[in-house]
Every structure is written in C-alpha cells, then in structure tokens.
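Note sheet for the following structure.
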Amino acid sequence: MANDLISIIIPCYNEEEMLPIFYKEISAISQQMPSVGFEWLFVNDGSKDDTLKIVKGLSEQDEHVRFLSFSRNFGKEAALYAGLQHAKGNYIAVMDADLQDPPALLPAMYGLIRTGEYDCIGTKRVDRNGEPPIRSFFAKQFYRLINHISDTEIVDGARDFRLMTRQMVDAVLEITEYNRFSKGIFSWVGFHTKYLEFENKERIAGKTTWSFWGLFKYSLDGIVAFSDAPLGIASFIGFGTFLLAVLAAIFFAIRTLVFGNATSGWTSLIVIILGMGGLQLLCLGILGKYLSKTFMETKRRPLYILKETDRDTRAELQSKE
Ligand code: UDP
Ligand code: MG
C-alpha cells in the first residue's frame with residue numbers, strides 16, 4: 001500500500017515572528033510520524049513583512065514545504081480555498097501559523113481518520129481562557145443566534161483546524177461562493193465529523209489581526225451567508241406595526257366618541273413618525289445587506305490572485321543548475 005500523504009495548509013498573514021517557531025514544531029511532528037508523507041503548504045496572504053522570504057527559504061531547504069503567494073491580502077478564507085485547491089495529499093488539514101491549533105494533535109487526528117469511520121476530524125476548544133470575557137460573551141450569543149436561525153449547524157468553539165479526506169475537500173471546493181464563511185461551509189457539505197477537544201492556547205508571538213469590530217462584521221457575514229431569517233424580520237415588523245395601527249385607530253375612534261375631539265397628540269405623532277421611520281430604515285438596511293452580498297456574488301471575481309508559487313522558484317533553481 002502506498003503511503004498516505006497529508007497536506008497541511010497554513011494561511012499566513014504577517015507571521016514572520018511565528019514561522020521559525022512553527023516550523024520547528026511541525027518538523028518534530030513529522031519525525032513522530034515517519035510512516036506518512038507530509039506536504040506543508042504555506043499560503044502567504046499578501047503579508048507586509050518578511051513572511052514570504054522566510055517561507056521561500058523553508059521551501060528551498062525542505063522539499064516538503066510548498067508555498068503560494070497572493071498579490072495582496074485576500075483574507076484567511078481565500079487563503080484556505082487556495083490551499084485546498086493546490087493540496088495534493090489524500091488527507092488534507094488546515095492549521096493556523098500561530099500554534100493556537102496545536103500540531104501535537106495531528107497523530108491522534110490521523111489515527112482516527114485512518115480508521116475510515118470519519119470523513120473529518122475537527123478540533124474544538126473546551127474553554128476560552130485568555131480571551132477577554134466580553135469577547136467570549138458575544139461569541140456565545142453569536143453561536144446561539146446563528147444555530148437558532150440557520151439550518152446549518154455551527155459548532156461553538158470549533159476551530160478551522162481539521163483533517164479531512166480528499167472526498168470532503170472536493171466537496172468543499174465545489175462551493176465557489178465569494179462570501180466564504182468556512183465554519184458554515186465545512187458543516188454544510190455534511191460528512192461525518194468527529195471533534196477532538198483541547199484547551200485554548202494563546203498566540204505565542206505576533207498579534208491577531210482580529211479587532212472586536214472585525215469579529216462583529218464577520219459574524220454578521222456568517223449570518224447573512226447561512227440564514228435568510230433576518231429578511232423575515234422585515235415582514236414580521238411590518239405586520240406587527242400594522243396590527244398596532246389598527247388597535248390605535250379603534251382606541252382613538254372610541255376616545256373621540258366619548259370625550260370629543262381635542263387637537264392634542266403632537267407628541268405621540270412625532271414618536272410614531274420617528275419609530276416608523278427607524279423601522280423602515282432597519283428593514284431597508286437588512287435588504288441592502290443581502291443585496292450587496294448578491295452583488296458581490298454576481299460579479300464572479302476570483303477569490304484570490306496568485307503572484308508566485310514554489311513551482312516558479314523551483315523552475316528558477318533548476319534553470320540555474
Ligand atoms: N490570516 C490570513 N489572512 C488574514 C488574516 C489572518 O491568512 O487576512 C491567518 C494568520 O496568519 C493565522 C490565521 O489566519 O495563521 C489566524 O489568524 P489570527 O491568529 O489572527 O486569528 P485568531 O486566531 O485570532 O482567530
Ligand atoms: Mg490565532
């Protein structure tokens with residue numbers, strides 16, 4: 001039987017500090033698993049620091065290291081997609097460069113997926129130690145909300161770190177949508193996933209690119225990509241206010257009949273006008289959000305643009321020889 005080849009996709013954005021530490025860690029892991037071949041596929045997502053230089057250096061000294069480099073920063077989701085498209089392994093994993101996805105789990109993940117019982121071995125944080133409490137709170141609320149309004153299950157605490165079969169990756173690749181919310185996509189394609197649990201790790205060096213506001217927008221994108229429930233809110237609010245208006249009409253009619261007509265009510269009028277105006281804008285905003293996503297999808301722009309890959313570098317090296 002031919003040996004298994006595991007491709008590991010590592011999206012990197014400004015990770016110059018992390019890469020040497022990361023490489024040391026993964027070399028140790030590949031030594032622990034001599035029976036499998038590894039392909040370390042670094043995707044440089046338009047880093048502004050020396051990430052590309054370091055990755056190039058690694059690929060020159062280690063034939064198991066490959067790389068793709070984007071023409072600019074396209075985001076982690078695009079980097080993952082590019083990696084999945086170019087990976088050659090029969091098992092494929094995605095892993096962050098900051099060691100928050102512990103490579104030490106790989107042997108266990110590989111052992112499980114090799115049994116053939118599962119199509120995917122995912123990982124899940126059992127806690128959020130080291131994270132600001134307010135961020136954890138909003139994250140929890142987000143998972144509650146999206147699982148309530150979407151048919152696709154989004155597992156709380158699940159990381160993108162997962163080992164998949166070639167069959168599952170091919171399914172993921174068929175989803176070519178522009179607004180990629182990987183947590184949803186991995187779940188949407190189905191297949192049998194088993195989650196391994198581990199304790200949250202803090203980033204070892206460098207810093208996260210996620211601000212609170214960035215995460216908030218990301219969660220909204222996730223909701224828009226995997227649920228149309230917000231669109232229903234508009235009709236719901238519309239119907240509710242219509243019922244209120246009917247009740248108010250009856251109330252005012254009776255009051256006029258009983259107490260006569262008084263020209264008061266300026267305050268209530270202003271409140272109603274402002275309230276209605278606000279609700280209308282809210283509903284328009286929700287519609288606009290879906291419209292803008294549709295707009296981006298219909299353009300069918302590529303998800304990323306490659307500037308350089310290890311193949312270019314290898315060809316260059318060979319021509320020099
Ligand atoms: N990343 C990327 N493109 C980006 C932002 C991040 O490829 O635009 C990579 C980053 O290098 C890291 C992974 O995605 O390997 C996770 O990023 P980060 O640690 O900043 O996110 P967090 O762990 O805080 O969710
Ligand atoms: Mg991280």
Side-chain angles (χ1 to χ4, degrees), residues 7-23 25-26 40-55 58 65-87 93-103 105-106 122-125 127-136 138-140 142-143 154-162 178-186 198-219 221-222 303-309:
S7 298
I8 317 255
I9 297 158
I10 309 123
C12 305
Y13 179 58
N14 295 345
E15 299 283 9
E16 62 177 4
E17 276 178 63
M18 252 340 285
L19 283 177
I21 314 174
F22 180 79
Y23 182 70
E25 194 88 359
I26 59 174
W40 305 97
L41 180 51
F42 291 87
V43 185
N44 171 37
D45 183 12
S47 300
K48 294 184 177 67
D49 61 4
D50 280 338
T51 299
L52 179 61
K53 219 161 108 191
I54 297 174
V55 168
L58 291 178
V65 173
R66 294 180 55 206
F67 72 88
L68 307 169
S69 186
F70 288 177
S71 60
R72 65 166 169 89
N73 179 249
F74 281 89
K76 181 181 170 184
E77 301 285 350
L80 284 186
Y81 189 77
L84 292 177
Q85 272 188 322
H86 289 83
V94 293
M95 187 190 276
D96 284 0
D98 57 5
L99 291 177
Q100 279 187 304
D101 297 335
L105 284 178
L106 270 178
T123 58
K124 201 163 119 175
R125 307 189 276 186
D127 57 55
R128 286 175 171 270
N129 287 344
E131 198 182 69
I134 182 106
R135 187 165 153 178
S136 307
F138 277 103
K140 242 200 191 93
F142 164 71
Y143 284 108
I154 317 276
V155 179
D156 186 2
R159 294 195 51 95
D160 287 341
F161 181 29
R162 52 180 67 229
Y178 187 82
N179 300 292
R180 301 187 77 74
F181 184 65
S182 282
K183 285 182 201 306
I185 291 174
F186 287 137
F198 71 95
E199 275 165 28
N200 191 32
K201 297 229 175 351
E202 285 184 57
R203 187 177 248 284
I204 297 195
K207 53 179 190 288
T208 175
T209 40
W210 287 102
S211 62
F212 187 79
W213 180 238
L215 277 176
F216 180 72
K217 283 205 297 206
Y218 182 63
S219 57
D221 287 345
L303 293 172
Y304 60 88
I305 289 171
L306 283 181
K307 183 168 174 218
E308 214 178 318
T309 71

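Fair warning: this is a prediction, and the values are worked out from it, not measured in the lab. We count ligands from 1, going down the list as the structure has it; atoms in each ligand are counted the same way.
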### Query
So among L19, D98, L52, which one has a side-chain contact (heavy atoms from CB on, under 4.5 Å) with C12?
L19
### Query
Hey, does the Lys NZ or Arg CZ of R72 hover above the aromatic six-ring of F74, less than 6.0 Å from the centre and inside 45° of the axis?
yes
Side chain of [X], backbone of [Y]: donor and acceptor closer than 3.5 Å?
| X | Y | answer |
| --- | --- | --- |
| T123 | F161 | yes |
| R180 | Y81 | no |
| D101 | D96 | yes |

### Task
Establish, yes or no, whether a centroid distance under 6.0 Å links the rings of F181 and Y218.
yes
### Query
Taking only residues two or more places apart in sequence or in another chain, which ones pass side chain to side chain contact (heavy atoms under 4.5 Å, CB included) with S7?
E39, A87, I92
### Message
For L99, give me all partners under side chain to side chain contact (heavy atoms under 4.5 Å, CB included), at least two apart in sequence or on another chain.
### Response
M18, I21, F22, E25, P103, I204
#### Entry: Residues S182, E77; criterion side chain to side chain donor-acceptor pair (under 3.5 Å); working and verdict
CA-CA 7 Å; S182 282; E77 301 285 350; 2.4 Å; yes
### Task
Quick one, list the residues around ligand 1 where some non-hydrogen atom comes in under 4.0 Å, by chain and residue number.
P11, C12, Y13, E15, D45, N73, G75, K76, D96, A97, D98, Q100, R203, T208, T209, W210
### Query
What protein N/O/S atoms are found closer than 2.8 Å to the Mg ion (ligand 2)?
D98 OD2, Q100 OE1
